Trainee: 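Okay, handing you the structure first.
Both counts, for ligands and for their atoms, begin at 1 and track the order of listing. Note that the coordinates shown come from a computational prediction; the quantities given were computed from them, not determined experimentally.
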Amino acid sequence: MKLTLLVAALPAASTALPTWPWTKPHSKPLKYPGLDVLAKRAGLLYFGTAIDNVVLDNKQYISIARNRSEFGQVTPANGQKWMYIEPTQGVFNYTLGDQITVPATRAGQLKRCHNFVWHNQLPEWLTSANWTKPALVKVLENHIKHEARHYYNDCYAWDVVNEAFDDDAAASLRKDIWLDTIGAEYIELAFKFARKYTRPGTKLYYNDYAIESVNNKSSKVAAMVKDFKKRGVPIDGVGLQAHYTVGRAPSYDAQMAAHKLFSRLGVETALTELDVRLQLPDNSTAQALQAQVYADSTKACLDADDCVGVTVWDFWDPVSWVPDTFPGYGNADIWDANFTKKPAYYAISDLLRSYD
Ligand SMILES: *[C@@H]1O[C@H](CO)[C@@H](O)[C@H](O)[C@H]1NC(C)=O
Ligand SMILES: *[C@@H]1O[C@H](CO)[C@@H](O)[C@H](O)[C@H]1NC(C)=O
Ligand SMILES: *[C@@H]1O[C@H](CO)[C@@H](O)[C@H](O)[C@H]1NC(C)=O
Ligand SMILES: *[C@@H]1O[C@H](CO)[C@@H](O)[C@H](O)[C@H]1NC(C)=O
Ligand SMILES: *[C@@H]1O[C@H](CO)[C@@H](O)[C@H](O)[C@H]1NC(C)=O
Ligand SMILES: *[C@@H]1O[C@H](CO)[C@@H](O)[C@H](O)[C@H]1NC(C)=O
């Protein structure tokens, strides 16, 4: 009788997904604590990783990606981007996003959802048409509405707008379909739609690169945040992507100053896409320098007042975006091609331990 009841209860228990912001506590004591265990002990909310859809059939990769001891948070690297989610206007396909988020929820990992609005990876129906401003605002709202509702119980945070500022010296707003058609207002509209359709309490982030020190770009982002706060436009966080290069990464002090620039405006920060590329061929000196950059960046997050966590932009060298985008560079991650933990892994682990 007892057995029957147990068996009957199992399917319901395993199919019903827990709801936001659920995360399993770590059992303790753990003999070999992973990065998330150590990050939580050090006071962060998570240590996380991005995961792409292309490696989901690699068992060794998955066993690390879903190991909650290592990663307490998962970010879909591509699966939630516009071209995959709304490939035809008004037709939504959540397959690639769900492939990342559903197992993460089962594993008790938080999710940072990524992203609603970006200039890149847009579907052709969107980029090839001539929109009027009101029509494009409707497209924007409809997209955010559907995607936010689908992932309603999933997201600790959403990257609402990604990379709106350009790379020119003055860090102007990037000229793209959003700015050209709607004007600068598209940014606040996206945040307002995100607040309207996401679960109350979801952290709404602005996310960008090259804002990890105080410079023209981060100052422009800070001015925008300040303006949003003053006018009541909803924003909760700034994501510092932290795509670094050995020899050119901002120092610990520079990163601390960047965290402070944002946190004093009343938003949280996070390192959202941390990786540290190096010139190929690799050598042990370069790996040691890479380890130092990972450790310094993690330390700045730990020491900053409102930095909630660190996400690496994948953990396994062979799936990094770096070699395709920066020819001659690579090995930017913390596990090598043979799934061996690199000096960077141990540098982060040792640093986190020192805060325990
Ligand atoms: C998860 O990671 C921890 C820390 O590295 C390790 O001790 C543990 O064996 C891993 N668990 C599995 C199931 O691989
Ligand atoms: C949804 O996306 C998946 C993954 O790209 C694809 O295999 C599937 O055919 C799509 N579904 C529809 C109805 O287009
Ligand atoms: C959009 O406008 C441009 C310039 O007016 C025109 O050349 C193009 O054919 C239009 N495209 C569409 C899809 O209507
Ligand atoms: C910062 O922007 C100003 C113009 O707003 C420009 O004069 C200056 O050269 C920029 N600084 C850098 C380091 O690019
Ligand atoms: C190791 O790599 C670094 C950085 O790419 C390079 O500057 C250095 O010359 C290399 N050292 C050796 C011994 O190859
Ligand atoms: C992986 O292991 C193979 C076989 O031992 C070795 O030849 C190769 O250099 C290793 N790759 C890395 C990145 O360490």
Side-chain angles (χ1 to χ4, degrees), residues 35 49 52 54-55 57-65 70 163-176 179 183-184 187 206 208-227 238 240-251 253-262 265 274-297 312-349:
L35 299 178
T49 185
D52 203 356
V54 295
V55 273
D57 56 357
N58 183 319
K59 289 207 169 71
Q60 220 173 338
Y61 177 93
I62 286 302
S63 74
I64 299 171
E70 300 288 13
E163 303 178 358
F165 290 88
D166 215 336
D167 300 317
D168 57 325
S172 330
L173 283 177
R174 187 186 297 275
K175 286 189 66 59
D176 60 13
L179 184 70
I187 304 176
Y206 176 78
D208 212 332
Y209 61 88
I211 58 169
E212 302 86 0
S213 57
V214 176
N215 55 33
N216 276 357
K217 196 171 181 180
S218 59
S219 302
K220 283 283 180 73
V221 174
M224 178 188 75
V225 172
K226 192 172 177 185
D227 171 55
V238 173
L240 287 61
Q241 291 186 2
H243 291 295
Y244 296 142
T245 307
V246 163
R248 271 182 274 152
S251 66
D253 287 337
Q255 294 189 52
M256 280 298 284
H259 285 291
K260 196 166 179 183
L261 178 68
F262 300 119
L265 302 174
L274 176 62
D275 59 13
V276 184
R277 59 185 175 264
L278 37 79
Q279 220 164 350
L280 299 175
D282 202 348
N283 65 50
S284 58
T285 311
Q287 282 200 15
L289 292 169
Q290 176 185 55
Q292 191 62 48
V293 176
Y294 269 104
D296 288 347
S297 308
V312 290
W313 203 247
D314 228 303
F315 59 89
W316 189 45
D317 281 338
V319 283
S320 169
W321 69 301
V322 165
D324 284 346
T325 313
F326 304 97
Y329 287 83
N331 293 355
D333 295 344
I334 60 179
W335 263 265
D336 77 9
N338 293 332
F339 290 108
T340 303
K341 294 169 178 168
K342 289 163 62 175
Y345 176 96
Y346 293 106
I348 299 167
S349 175

Trainee: Mind checking whether Phe315 and Tyr61 have parallel, tilted or perpendicular rings, split at 30° and 60°?
Mentor: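 Parallel, since the angle between the ring planes stays under 30°.
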Trainee: Please list, chain by chain and in numerical order, all residues satisfying side-chain hydrogen bond (donor to acceptor under 3.5 Å, both in side chains) with Tyr329, sequence neighbours excluded.
Mentor: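 Arg248.
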Trainee: Check ligand 4 against Ala169 and write out every atom of the ligand that is under 4.0 Å from a heavy-atom position of the residue.
Mentor: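 Those of ligand 4 that fall under 4.0 Å from Ala169 are 1 (C), 2 (O), 10 (C), 14 (O).
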Trainee: Hey, what's the ring geometry for Tyr345 with Trp335, parallel, tilted or perpendicular (30° and 60° as the breaks)?
Mentor: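 Because their plane-to-plane angle is over 60°, the rings of Tyr345 and Trp335 count as perpendicular.
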Trainee: List the residues meeting salt bridge (charged side-chain N to carboxylate O under 4.0 Å, His left out) with Asp167, not counting sequence neighbours, and say none if there are none.
Mentor: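 Result, salt bridge (charged side-chain N to carboxylate O under 4.0 Å, His left out) vs Asp167: Lys217.
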Trainee: Excluding sequence neighbours, so at least two apart, what forms salt bridge (charged side-chain N to carboxylate O under 4.0 Å, His left out) with Lys226?
Mentor: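 With sequence neighbours excluded, Lys226 shows a salt bridge (charged side-chain N to carboxylate O under 4.0 Å, His left out) to no residue whatsoever.
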Trainee: Contacts table for ligand 5: protein N or O within a distance under 3.5 Å of ligand N or O, distances only.
Mentor:
residue, atom, partner, partner atom, Å
ligand 5, 2 (O), Asn283, OD1, 3.4
ligand 5, 2 (O), Asn283, ND2, 2.3
ligand 5, 11 (N), Asn283, ND2, 2.9
ligand 5, 14 (O), Asn283, ND2, 3.4

Trainee: Check for a donor-acceptor pair, side chain of Ser63 on one end and backbone N or O of Gln60 on the other, with a separation under 3.5 Å.
Mentor: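 Flag set: sc Ser63 to bb Gln60 pair under 3.5 Å.
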